[in-house]
Each structure stands twice: as structure tokens, then as C-alpha cells.
Asks: 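This is the structure, below, for whatever I ask next.
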Amino acid sequence: SKLSKKNIKITYRLSDLDAILLKIVEKYAPIAAKKSIKIHLDCLEPVAILVNPLLIERVFSNLLDNAIKYTPSGKNIHLSIYQDDRVHFKIQDEGIGIAEKFLAKITDRFFRVDESRNKGIDGFGIGLSIVENCINLHNGAFKITSKEGVGTTVEVLL
């Protein structure tokens with residue numbers, strides 16, 4: 001909450017986003033394995049840009065954590081990171097999905113889709129709000145597409 005677009009630049013360092021992503025995948029791999037979820041690195045290009053590495057780590061961590069939480073056992077999560085004119089990070093799960101009517105609200109603080117649907121899934125509804133703020137502080141954008149019973153795709157552009 002102390003960071004703003006004015007002072008965030010002083011915390012930027014040249015960072016290897018692919019290495020940060022691999023570190024997060026390594027951290028979450030045991031959790032995914034317990035649920036028999038396979039994490040696939042579909043595209044992992046070397047990407048080095050100026051960012052606040054802690055905030056980017058938070059983005060990757062929150063998104064992968066959500067994908068694992070909302071993906072049933074035996075399913076898959078696909079990750080990609082590459083650069084053209086912008087950096088693209090994409091995470092696609094085969095999870096429970098989100099109804100279209102909730103997509104506009106899921107980045108609101110403390111918003112959780114239908115509590116009865118999320119029984120047994122820990123969380124307070126602030127993860128995607130944090131992700132959105134971190135991305136905004138990097139002048140980035142992200143979009144979430146989802147279909148109930150099929151899964152969710154999040155694409156981050158930096």
C-alpha cells in the first residue's frame with residue numbers, strides 16, 4: 001500500500017521473469033502434486049526487464065495458487081511466458097471456472113464467488129486485487145477469461 005506509480009520505479013531491477021516463474025513453480029509443485037495436478041510449462045522464453053521482482057513474484061504466486069486451489073484433482077495447469085513488443089505471462093487451468101456475471105467483480109477486495117461453491121477452499125478474496133494493483137504499478141494490464149466447468153485463463157501484459 002506504500003507503493004505508488006511515482007515511487008515504484010526506484011524499486012525496479014533488471015529481473016529474469018522466467019527465473020522468477022520457475023522459482024514459483026518449484027514452490028507450488030508439491031501442492032499441485034498432492035492434488036495430482038500437472039503443471040505444464042508450454043513456453044518459457046528468457047525474459048529480462050525492469051520490474052519490482054517482489055511484486056512480480058506476488059503476481060505469479062497468487063495466480064498459480066488460485067489455479068491450484070480451483071482445479072480439481074487429475075487436471076492440468078498450463079503456463080507460458082514470452083516477449084514480443086510486450087511481456088506475456090499466461091496461466092490456463094482446467095478448474096471449476098467463473099460465471100461470466102462475476103468476472104467484472106473478481107478483482108474487488110474481499111469478493112469471493114458464491115461461498116457455498118468455495119467450501120473448503122481457503123482465501124479472503126484479496127489475491128486478485130493484489131495482482132491487479134501489482135500489474136497496474138508496472139503500467140501493465142491483465143485479462144481474465146473463464147467458463148464454468150471448463151477453466152480460467154489469465155493473461156498478464158507488461
Side-chain angles (χ1 to χ4, degrees), residues 13-49 51-84 86-100 102-103 105-135 137-138 140-158:
R13 291 192 298 248
L14 185 62
S15 302
D16 295 319
L17 300 190
D18 51 308
I20 293 171
L21 180 58
L22 284 173
K23 176 178 148 184
I24 296 303
V25 169
E26 187 176 304
K27 175 182 173 183
Y28 281 94
I31 299 165
K34 281 184 184 176
K35 286 183 72 177
S36 298
I37 295 171
K38 291 184 182 171
I39 299 174
H40 304 273
L41 293 169
D42 294 341
C43 180
L44 184 69
E45 292 183 0
V47 175
I49 62 170
V51 294
N52 176 301
L54 296 175
L55 293 181
I56 295 303
E57 197 172 301
R58 176 67 56 146
V59 168
F60 293 165
S61 182
N62 281 354
L63 293 175
L64 184 54
D65 182 56
N66 277 353
I68 293 169
K69 278 186 200 175
Y70 295 103
T71 297
S73 293
K75 298 287 186 171
N76 298 288
I77 296 171
H78 296 270
L79 302 170
S80 295
I81 190 162
Y82 63 93
Q83 186 172 10
D84 48 28
R86 296 184 84 172
V87 173
H88 298 258
F89 167 66
K90 187 175 179 180
I91 181 165
Q92 183 175 11
D93 67 46
E94 296 173 354
I96 60 175
I98 306 161
E100 190 172 333
F102 295 123
L103 285 175
K105 295 181 180 187
I106 60 172
T107 59
D108 293 352
R109 277 189 192 172
F110 307 112
F111 179 80
R112 293 196 73 201
V113 175
D114 186 11
E115 286 295 325
S116 65
R117 198 169 161 240
N118 296 323
K119 278 189 178 152
I121 299 176
D122 292 335
F124 298 102
I126 60 170
L128 288 177
S129 175
I130 291 169
V131 166
E132 181 177 52
N133 286 332
C134 291
I135 293 168
L137 286 169
H138 287 86
F142 81 122
K143 86 176 171 182
I144 301 171
T145 55
S146 189
K147 185 170 182 178
E148 283 186 284
V150 176
T152 301
T153 301
V154 179
E155 185 168 15
V156 176
L157 300 170
L158 298 172

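When reading the values below, keep in mind they use all heavy atoms of this one structure, side chains included, and skip hydrogens, waters and symmetry mates. In this text, all values refer to a predicted model and were calculated from it rather than measured experimentally.
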Asks: For a side-chain contact (heavy atoms from CB on, under 4.5 Å) check, start with the C-alpha distance between H88 and L157, then their side-chain angles and the critical distance, and finish with the verdict.
Replies: CA-CA 5 Å; H88 298 258; L157 300 170; 2.9 Å; yes

Asks: Is there a side-chain contact between T152 and N66 in this structure, where contact means two heavy atoms from C-beta onward sitting under 4.5 Å apart?
Replies: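 Heavy-atom side-chain distance check fails, nothing below 4.5 Å.
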
Asks: Tell me whether E45 at atom CD has more than 12 heavy atoms from other residues, nucleotides or ligands lying less than 6.0 Å away.
Replies: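 Yes, because the 6.0 Å sphere around CD of E45 holds more than 12 heavy atoms from other groups.
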
Asks: Check whether any side-chain heavy atom of L63 lies under 4.5 Å from a side-chain heavy atom of L128, and answer yes or no.
Replies: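 Sidechains of L128 and L63: in contact.
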
Asks: Between A141 and R86, which heavy-atom pair has the shortest distance, and what is it?
Replies: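 So the two residues come closest at N-NH2, 4.3 Å.
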
Asks: What are the two closest heavy atoms between I68 and K35, and how far apart are they?
Replies: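 Minimum heavy-atom contact is O-NZ, 2.7 Å.
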
Asks: For Q92 and T153, indicate whether the former's side chain and the latter's backbone hold a donor-acceptor pair under 3.5 Å.
Replies: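 No; zero donor-acceptor contacts below 3.5 Å.
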
Asks: Hey, does L44 have a side-chain heavy atom less than 4.5 Å from the side chain of I81?
Replies: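 Touching, per the 4.5 Å side-chain cut-off.
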
Asks: Can you see which heavy atom on Q83 is nearest to which on V47, and at what distance?
Replies: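 Minimum heavy-atom separation between Q83 and V47: OE1-CG1, 3.7 Å.
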
Asks: Got a second to check how far D42's CG is from L79's CG, nearest 0.5 Å?
Replies: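 Between atom CG of D42 and atom CG of L79 there are 7.5 Å.
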
Asks: With a 4.5 Å heavy-atom cut-off, do L64 and I39 have their side chains touching?
Replies: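 They are in side-chain contact.
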
Asks: Of all the heavy-atom pairs spanning P53 and I20, show the shortest one and how long it is.
Replies: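 Nearest heavy atoms, P53 then I20: CB-CD1, 4.1 Å.
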
Asks: Quick check: are there more than 12 heavy atoms from other residues, nucleotides or ligands sitting under 6.0 Å from NZ of K27?
Replies: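 No, not enclosed.
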
Asks: Between S146 and G97 (side chain of the first, backbone of the second, donor and acceptor by atom type, cut-off under 3.5 Å), is there such a pair?
Replies: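 Such a contact is absent between S146 side chain and G97 backbone.
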
Asks: When rounded to the nearest 0.5 angstrom, what distance separates CD in E57 from CG in N62?
Replies: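 The distance works out to 11.0 Å.
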
Asks: Can you tell me how far the CD atom of E132 sits from the CD1 atom of I144, to the nearest 0.5 Å?
Replies: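 Output value for this atom pair is 8.0 Å.
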
Asks: CG of L54 to OG of S61: how many Å apart, nearest 0.5 Å?
Replies: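 Reported value, rounded in 0.5 Å steps: 11.5 Å.
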
Asks: Is the side chain of N52 donor-acceptor paired with the backbone N or O of L55 at a distance under 3.5 Å, no angle test?
Replies: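 Confirmed, N52 side chain pairs with L55 backbone.
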
Asks: Ignoring hydrogens and angles, tell me if any N or O in the side chain of K75 forms a donor-acceptor pair with the backbone of D93 under 3.5 Å.
Replies: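 Flag not set: sc K75 to bb D93 has no pair under 3.5 Å.
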
Asks: So, taking the atom named CD1 in I31 and the one named NZ in K69, what distance separates them when rounded to the nearest 0.5 Å?
Replies: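 If we round to the nearest 0.5 Å, I31:CD1 and K69:NZ are 10.0 Å apart.
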
Asks: What's the separation between atom CD1 in I77 and atom CD1 in I37, rounded to the nearest 0.5 Å?
Replies: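 Between I77 CD1 and I37 CD1, I get 5.0 Å after rounding to 0.5 Å.
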
Asks: So, applying side-chain contact (heavy atoms from CB on, under 4.5 Å) with I91, which one of L21, V154, V156 is it?
Replies: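 Of L21, V154, V156, side-chain contact (heavy atoms from CB on, under 4.5 Å) with I91 is met by V154 alone.
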
Asks: Mind checking whether F60 and F89 have parallel, tilted or perpendicular rings, split at 30° and 60°?
Replies: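 Rings of F60 and F89: tilted, as their planes differ by 30° to 60°.
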
Asks: Report yes if the side chains of H138 and I56 come closer than 4.5 Å at any heavy-atom pair, otherwise no.
Replies: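 Yes. Closest side-chain heavy atoms under 4.5 Å.
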
Asks: Does any non-hydrogen side-chain atom of E94 lie less than 4.5 Å from one of H78?
Replies: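 SC-SC contact between H78 and E94 confirmed.
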
Asks: Quick check against the 3.5 Å criterion: does D16 have a side-chain atom that pairs as donor or acceptor with the backbone of A48?
Replies: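 Not at all, since once roles are kept as given, no pair shorter than 3.5 Å links the two residues.
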
